[in-house]
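Okay, so here's the structure we're looking at.
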Amino acid sequence: QVQLVESGGGLVQSGGSLRLSCAASGRTFGSYAMGWFRQAPGKEREFVAAISWSGGTIRYADSVKGRFTISRDNAKNTMYLQMNSLKPEDTAVYYCAGRTSKWVGDSFDYWGQGTQVTVSS
């Protein structure tokens, strides 16, 4: 069982930056592909970014390409999401997710509780 805990959310002005962190328990973090998702009020949860076990494969949603950067530090059991040039439409609860595979894919097996990101205009 893997437990995921997000941190780093908050309130930021449009154009600002935030860095989210996802701390994972267990010694298998380095074997898992990881991802970030978000859910805005009244909307379905959507994919944001994903990263393979080594960081060699990375995927982004079109809406965040060029603004967000996903990364991981397997020695620290932590994944990050650097968010720059934030827009009000980025406002959402951001979730960390892990899958029991080394490779990026569509399904995820573990989820964090989420951290709120609010971007004011």
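Side-chain heavy atoms closer than 4.5 Å link hydrophobic residues (I, L, V, M, F, W, Y) into clusters, and following such links, possibly through other members, connects Val2 to Leu81. Under the 4.5 Å side-chain heavy-atom criterion for ILVMFWY residues, no single connected hydrophobic cluster contains both Tyr32 and Phe108. At a threshold of 4.5 Å between side-chain heavy atoms, the hydrophobic network of Ile, Leu, Val, Met, Phe, Trp and Tyr places Val64 and Tyr95 in two separate groups. Transitive grouping of hydrophobic side chains (ILVMFWY, heavy atoms separated by less than 4.5 Å) brings Leu86 and Leu20 into a common cluster.
The number of heavy atoms from other shown groups lying within 6.0 Å of CD (Gln3) does not exceed 12.
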Can Trp111 and Phe37 be said to form a ring pair (Phe, Tyr, Trp, His ring centres under 6.0 Å), step by step? CA-CA 10 Å; Trp111 295 87; Phe37 290 75; 4.9 Å; yes
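In this structure, Ala24 and Leu4 approach most closely via the heavy-atom pair CB-CD2, 3.6 Å. The two residues Ala40 and Ala92 make their nearest non-hydrogen contact at N-CB, 3.8 Å. Pairing each heavy atom of Arg67 with each of Ser85, the nearest pair is NH1-O, 3.0 Å. Of all heavy-atom pairs between Ile58 and Ile51, the closest is CG1-CG1, 3.8 Å. The two residues Arg72 and Gly55 have their closest heavy-atom pair at CD-N, 4.3 Å. Here the shortest heavy-atom pairing between Ser17 and Asn84 reads OG-OD1, 2.9 Å.
For the pair Trp36/Met79, a side-chain contact is recorded, criterion being any heavy-atom separation below 4.5 Å from C-beta on. Inter-residue side-chain proximity for Arg99 and Ser107 is flagged as met; some heavy-atom pair is nearer than 4.5 Å. With a 4.5 Å cut-off on side-chain heavy atoms, Phe47 and Arg59 count as touching. Tyr80 places a side-chain heavy atom less than 4.5 Å from the side chain of Ser21. Residues Tyr94 and Gln39 form no side-chain contact, since every pair of their non-hydrogen atoms from C-beta on lies 4.5 Å or further apart. Side chains of Phe68 and Val48 form a contact here, defined as non-hydrogen atoms less than 4.5 Å apart. Residues Trp53 and Trp103 are in side-chain contact: their nearest non-hydrogen atoms beyond the backbone lie under 4.5 Å apart.
Looking at Tyr60, its side chain does come within 3.5 Å of a backbone N or O of Ile70 through a donor-acceptor pair. The closest donor-acceptor contact from the side chain of Thr91 to the backbone of Val119 lies under 3.5 Å. Not one N or O on the side chain of Thr118 forms a donor-acceptor pair closer than 3.5 Å with the backbone of Leu11. In terms of modelled atom types and a separation under 3.5 Å, the side chain of Asn77 and the main chain of Ser25 share no donor-acceptor contact. Here the side chain of Gln13 pairs no donor or acceptor atom with the backbone of Ser120 at under 3.5 angstrom.
Partners of Lys65 by salt bridge (charged side-chain N to carboxylate O under 4.0 Å, His left out), not counting sequence neighbours, listed by chain and number: Asp62. In this structure Arg38 satisfies the salt bridge (charged side-chain N to carboxylate O under 4.0 Å, His left out) test together with Glu46, Asp90, sequence neighbours excluded.
Identified under the disulfide bond (SG atoms under 2.5 Å apart) test for residues 24-67, with sequence neighbours left out: none.
Looking at Asp73 and Thr78, their side chains never bring a donor and an acceptor atom within 3.5 Å of each other.
Rounded to the nearest 0.5 angstrom, Lys102 NZ and Ser31 OG are separated by 5.5 Å.
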